[in-house]
Amino acid sequence: MRRFLLELAPFESFDLEMARMVSGDPRAGERLDWLLRYTTMLRYDDCQRFHFWSGFRAFLLWEMEREYTEEKRCALLSRGGLYYELKEDFSSALDCYTRGGDHAKVSELLVRNAELHPGMGHYAEMEKYYRSLPEAEILASPSLMQGMSMLCALAMDYEGSERWYGELQAFAERCGRQDAAGKQARSRLAWLDISLPQRGVNGLTETIPAVFRLLMNKEVTLPSFSVTSALPSIMNGGKDFSPWSKKDDLLYKTLRLPVEAVLGRDGVGLADCAIAESKFEKGEDVAGRMLSLLPQLNEVRNRGTPDMEFAVSGLLARSQLASGQPADARRTIEVLREYFAERGLTRFLPNMDAMLCRIDMHTGDLDAADAWYREKAPRELTHLNVMRRYQYLTQAMVELEDGRPDTVQLTLAPLEPYVQNCARIIDGIHLNVLTAIALYRKKDERWRERLTAALDAAAEYRFIRTVSVYGTAVLPLLEALDWDGDKKWYKQIMAAVRKQAAFYPHFLEPRLAPGEELTPTELQILHLLCADKSNAEIAQIMDVKLPTVKTHVSHILDKLNVKRRAEAKTAAKKLRLIPDDL
């Protein structure tokens with residue numbers, strides 16, 4: 001029994017099958033049953049999984065450190081890794097193999113995981129395992145060099161990304177034309193040429209036909225990847241295709257076949273969705289295009305990828321919202337979310353939830369938007385994850401609605417270098433419009449510079465929806481700005497903005513009107529009031545007279561539209577004037 005306990009100690013939880021595999025004990029079931037009946041050492045995680053009481057596990061690990069050699073401990077972790085590997089739980093398997101120092105298995109699983117999960121998102125999820133590998137191990141594998149190049153790019157280490165691209169290029173040059181490893185390296189270079197975010201799209205009109213020719217000649221086999229990066233967009237997914245939007249009809253005719261051939265399953269439905277989205281961004285009515293696109297969803301489900309399914313449904317929801325049909329837009333995303341959750345496609349759910357939050361803000365359901373903000377918003381000021389940029393922008397919108405323009409700027413500022421270095425035109429327009437609204441509400445005249453930058457970029461590509469989506473929130477800024485650009489386009493955008501303002505008159509409107517905002521002194525007193533301090537105690541802390549405190553408290557209650565101190569705390573939390581835990 002003692003050996004059985006020690007050999008399960010390295011694992012935070014386990015089931016019967018894992019206990020048998022790790023310990024090699026055919027009587028593992030009997031032993032677990034005895035422990036549950038007669039001791040308090042073992043606890044249930046659920047009806048299938050168990051874990052040791054934390055204090056007892058710490059003791060077992062101490063005993064194991066004394067009695068087992070490092071080689072034997074690593075062997076146990078490898079058996080645990082094999083159990084998770086057979087279950088295709090690669091994250092847990094990688095954790096076991098990394099702790100056991102089995103770099104060969106870590107390399108093998110990272111390669112397999114990359115093949116199973118196309119796109120960029122899985123690289124960030126597996127970052128610590130890539131970083132744990134010796135450089136020599138990475139340099140021996142084209143797949144791992146490809147992964148490191150993309151991983152560095154996602155971390156905005158573009159120098160590191162290009163360095164690993166160069167290592168992969170050198171590897172390919174050392175291999176013969178018929179060498180299998182060389183073919184793999186060339187294939188992964190082609191993948192990076194198309195997908196690296198810092199490369200932009202200007203060269204893709206030459207790159208994609210070149211890769212198409214290599215595919216036809218069987219010189220490369222392109223690994224799968226996601227054009228959308230799990231976002232509800234093709235135009236602004238893994239790459240920003242704004243430059244292509246200028247010649248969308250021509251490129252649709254000339255590049256459709258090579259793009260679909262190069263991308264394989266990832267290309268099913270892509271061209272039709274992309275041109276519909278391009279026209280939508282330019283303010284055109286895409287109802288007819290959606291009618292021809294929606295019947296393709298069955299083909300996308302059968303022959304394509306869930307990424308494209310989300311892109312098509314996301315465009316449908318956006319067009320429904322723009323047409324004043326928020327209930328239909330919500331239903332479109334809710335149905336897809338339920339379907340994806342049933343299939344275990346969890347990587348899409350955070351962006352779907354952010355999209356639902358945006359619909360809630362349009363319809364004035366601020367409580368639902370606040371619930372998303374509390375429970376699901378990234379709120380990572382010190383660690384930017386560019387794969388979550390759709391969520392960061394949504395977070396900034398909630399903060400605008402909560403009347404916190406300073407927080408909006410803190411949320412958006414980390415995105416600035418990414419937008420500039422990776423030529424993210426559409427993200428840049430959204431970032432500038434949201435920042436302009438925040439500055440305007442602070443009465444900071446720099447809003448003019450930000451809104452001008454947004455309009456200049458939008459006008460260059462003839463985009464309308466990218467700005468008009470902000471409707472009533474951006475309308476007073478547009479009316480106060482003397483923009484000297486294309487008058488015909490500006491007239492179109494003003495009409496589109498006014499249409500959205502009519503559909504959603506309270507979108508991004510702060511809960512407290514400008515005349516109701518609390519002064520800094522009132523905000524300090526509110527914190528003390530919510531901490532259950534009496535008026536006398538507040539007067540002592542603030543070093544003011546008691547009548548002054550009473551006057552401030554009266555003003556605070558009026559502004560929060562409540563009658564009693566007890567109600568003020570609830571109202572203040574709802575308005576995010578105080579922390580939830582106060």
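This is a predicted model, so every value here is computed, not measured. The first residue in the sequence is number 1, and the count goes up from there.
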Between [Y] and [X], is there a cation-pi geometry (under 6.0 Å to ring centre, at most 45° from the normal)?
X    : Y    : answer
K246 : Y461 : yes
R358 : Y390 : yes
R49  : F14  : no

Pair R265-T305, side chain to side chain donor-acceptor pair (under 3.5 Å): steps then yes or no:
CA-CA 6 Å; R265 291 182 64 239; T305 63; over 6 Å; no

Can you give me the closest heavy-atom contact between [X] and [Y], atom names plus distance?
X    : Y    : value
F280 : S319 : CE1-CA, 3.6 Å
V469 : F507 : O-CE2, 3.4 Å
V467 : I429 : CG2-CG2, 3.9 Å
L94  : V106 : CD2-O, 3.7 Å
Y418 : R424 : OH-NH1, 3.4 Å

**OP:** Please test Q409 against L439 for side-chain contact (heavy atoms from CB on, under 4.5 Å), starting from the C-alpha separation and ending with a verdict.
**Re:** CA-CA 8 Å; Q409 289 180 268; L439 291 169; 3.5 Å; yes

d(Y470 OH, M397 CE) to nearest 0.5 Å is 3.5 Å

dist L451:CG -> R446:CZ (nearest 0.5 Å) comes out at 15.0 Å

Ionic contact status for [Y] with [X], cut-off 4.0 Å:
X    : Y    : answer
R450 : E416 : yes
R131 : E127 : yes
E281 : R318 : yes
R174 : D179 : no

So, S107 versus S141: side-chain donor-acceptor pair below 3.5 Å or not?
-> no

Carefully, step by step, assess V474 and L508 under the rule side-chain contact (heavy atoms from CB on, under 4.5 Å). CA-CA 9 Å; V474 77; L508 300 188; over 6 Å; no

Any chance [atom1] of [X] has more than 12 other-residue heavy atoms, nucleotides or ligands included, within less than 6.0 Å?
X    : atom1 : result
E338 : CD    : no
E71  : CD    : no
E445 : CD    : yes
E12  : CD    : no
K247 : NZ    : no

May I have the step-by-step check of salt bridge (charged side-chain N to carboxylate O under 4.0 Å, His left out) for D370 and R374, ending in yes or no? CA-CA 6 Å; D370 277 348; R374 284 194 309 273; 5.2 Å; no

### Task
Mind running salt bridge (charged side-chain N to carboxylate O under 4.0 Å, His left out) on R163 and E135 for me, showing each step along the way?
CA-CA 13 Å; R163 179 211 155 201; E135 187 162 306; 2.6 Å; yes

Margin query: With side chain to side chain donor-acceptor pair (under 3.5 Å) as the criterion, how do D89 and Y83 come out once you've worked through the C-alpha distance, each side chain's angles and the decisive distance to 0.1 Å?
Written below: CA-CA 9 Å; D89 181 353; Y83 164 81; over 6 Å; no

Q.
Would you say that P197 contacts V386 through its side chain, given a criterion of any heavy-atom pair below 4.5 Å between the two side chains?
A. no

Handout entry: Residue pair R388, Y392: steps toward the side chain to side chain donor-acceptor pair (under 3.5 Å) verdict
Key = CA-CA 6 Å; R388 294 183 176 179; Y392 291 132; 5.5 Å; no

**Request:** Check the pair R343 / Y339 against side chain to side chain donor-acceptor pair (under 3.5 Å), numbers first and verdict last.
**Result:** CA-CA 7 Å; R343 292 162 63 193; Y339 178 57; 3.2 Å; yes

**Sidechain-backbone polar pair: R199 side chain, D193 backbone, donor-acceptor under 3.5 Å** = no

